[in-house]
Novice: 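Let me give you the structure first, and then I'll get to my questions.
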There are 2 protein chains.
Amino acid sequence: MTRKEQIRQVAQNMFREKGYAATSMRELAEAVGIEAASLYNHIKSKEEILQDICFGLANDFFSALDTVKDAEVPADVKLTQAINVHIKVITTNLDAAGVFLTEWRFLSEPHLSNFKNMRNRYEREFQRIVLEGIRQGIFKPTDVKLYCLSLFSAMNWIYQWYKPNGELSPNELGERFSLMLLDGLRV
Amino acid sequence: MTRKEQIRQVAQNMFREKGYAATSMRELAEAVGIEAASLYNHIKSKEEILQDICFGLANDFFSALDTVKDAEVPADVKLTQAINVHIKVITTNLDAAGVFLTEWRFLSEPHLSNFKNMRNRYEREFQRIVLEGIRQGIFKPTDVKLYCLSLFSAMNWIYQWYKPNGELSPNELGERFSLMLLDGLRV
DNA sequence: CCTACCGATCGGTAGG
DNA sequence: CCTACCGATCGGTAGG
């Protein structure tokens, strides 16, 4: 692991726990084990770290979704797969997920707009799958936007309480979630 | 409206939008229309404002829940009512809800522990209703904790996107949510 | 990677 | 409710 990767990993944890604004570069440096000024040999600014975390995880989400979104399967199966890979990304990147979900608003322009656009594109992929299911007659006619909003909030909240060493593996969790969230939708 | 109430209201909005840590007392004072030092004639500290917001809304949530939790009705009706009043509190206090849900972690001890305890007690009331329904045979046997976690996340996320002047009234929203979230649960 | 340091800003107080 | 000010801390740079 390079020093830059180490800085990012430590920062992920601190940004998640204390928040981006309340984390100082001196605290970050101390946790890494160097002086504050030395951080700037590896990064350009505090915000650059935030950008790396947010856009890095956005990339993970898209890569994961790409593996399932064009499969030739019924919409309920596809939605289950999409839920599973989304949860997988969160549960295996808890710190980054926390930052991605709550600290993105400290991005400056134009990164802030880029971020929002990516997020919207991602959410629309899920809406497309649900719409597909309604057209196929597999899902009840539903307020697609409201449903997806609730679906995302339930999935994204996982970072708040999931324990990597608890009883639930990411796969088991994904399965339970799919059942729970789909049974209200399936005809 | 007293000056203290005005300060709280302006602070709710700024804390929600910029975050507690990133909001300075000077910005707050300017938004109120006085000098920073003058704030301290009405409040003891920056954190006192946060405490008032967090515990004030906690009180609203409990008051709302009290009006429905002991009704002699089937569990599905009771859960629907609980969902409705919870959503009502959020949609009519959007700024305070945002602070309550994301900025509570900046509370210092012992307020932080008090806050967590209150939140746990509140969540357990919902779990009790779901358990009641399972015992009554109205709800499917379910992972109660996981279900309530998802229920709360979906309801609480509302503050992120709800527009008070949009098409959906709080009551309509509550109704749609209940249907959506209960239909996966009801036998 | 460090020492030394910059100007800016922080929450809050004294005194009127 | 204001002016004037406190010590502490902020993100970041110069120079080696």
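Numbered from 1 within each chain, the chains take letters A, B, ... in sequence-line order.
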Novice: Distance check needed: dC10(D) P versus Met25(A) CE, whole Å only.
Specialist: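 Answer to the nearest Å: 11 Å.
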Novice: Closest approach to the side chain of Arg3(A), judged atom by atom: which nucleotide of dC1(D), dC1(C), dG11(D) is it?
Specialist: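 Closest of the options to the side chain of Arg3(A): dC1(C).
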Novice: With respect to the side chain of Ser24(A), which nucleotide from dG12(C), dC10(D), dA4(D) is positioned closest?
Specialist: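 For Ser24(A), the side-chain atoms sit closest to dC10(D).
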Novice: In whole angstroms, how far is the P atom of dC10(D) from the NZ atom of Lys46(A)?
Specialist: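 Lys46(A) atom NZ is separated from dC10(D) atom P by 9 Å.
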Novice: Check the surroundings of atom CD in Gln9(A): do more than 12 heavy atoms from other residues, nucleotides or ligands lie under 6.0 Å from it?
Specialist: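 For Gln9(A), atom CD is not crowded (no more than 12 foreign heavy atoms under 6.0 Å).
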Novice: According to the Watson-Crick and G-U wobble definitions, with both distances under 3.5 Å, which nucleotide is paired to dG16(C)?
Specialist: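 When the pairing criteria are applied, dC1(D) turns out to be the nucleotide that pairs with dG16(C).
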Novice: Grab the NE2-P distance between His42(B) and dG12(C) for me, whole Å please.
Specialist: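 It is 16 Å, rounded to the nearest whole Å.
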Novice: Given atom CG of Leu39(B) and atom P of dC1(D), what is their separation to the nearest angstrom?
Specialist: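 Value for this atom pair: 9 Å.
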Novice: Do the ring centers of Phe139(B) and Tyr147(B) come within less than 6.0 Å of each other?
Specialist: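 Between Phe139(B) and Tyr147(B), the centre distance exceeds or equals 6.0 Å.
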Novice: Hunt down the Watson-Crick or G-U wobble partner of dG11(C), both distances under 3.5 Å, from any strand shown, or write none.
Specialist: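 Partner of dG11(C): dC6(D).
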Novice: Rounded to whole Å, please give me the gap between CD in Glu27(A) and C1' in dC10(D).
Specialist: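 Atom CD in Glu27(A) sits about 11 Å away from atom C1' in dC10(D).
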Novice: Taking the basic N atoms (NZ, or NE/NH1/NH2) and the acidic carboxylate oxygens, is any pair closer than 4.0 Å for Glu125(B) and Arg128(B)?
Specialist: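 Yes, this pair counts.
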Novice: Roughly how many Å is it from CZ in Arg26(A) to P in dC10(C), rounded to a whole number?
Specialist: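 One finds 16 Å between P of dC10(C) and CZ of Arg26(A), rounded.
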Novice: Counting side-chain heavy atoms from C-beta on, which of dC2(C), dC2(D), dC5(C) comes nearest to Ala37(B)?
Specialist: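 Looking only at side-chain atoms, Ala37(B) lies closest to dC2(D).
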Novice: More than 12 heavy atoms of other residues, nucleotides or ligands under 6.0 Å from CZ of Arg119(B): yes or no?
Specialist: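 Yes - once you tally the heavy atoms of other residues, nucleotides and ligands closer than 6.0 Å, there are more than 12.
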Novice: I need the CD1-C1' distance between Ile7(B) and dG11(C), as an integer number of Å.
Specialist: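 Going from Ile7(B) (CD1) to dG11(C) (C1'), I get 15 Å.
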Novice: Using 0.5 Å steps for rounding, measure from the CD1 atom of Ile43(B) to the CG atom of Leu50(B).
Specialist: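 The CD1 atom of Ile43(B) sits 11.5 Å away from the CG atom of Leu50(B).
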Novice: Identify, between Asn41(A) and Ala21(A), the residue whose nearest nucleotide on DNA chain D lies closer to the 5' end.
Specialist: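 Mapping each residue to its closest nucleotide by heavy atoms, the 5'-most match is Ala21(A).
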Novice: Starting from C1' on dC10(D), measure out to NZ on Lys18(A) and report it in whole angstrom.
Specialist: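 Interatomic distance, NZ of Lys18(A) to C1' of dC10(D): 13 Å.
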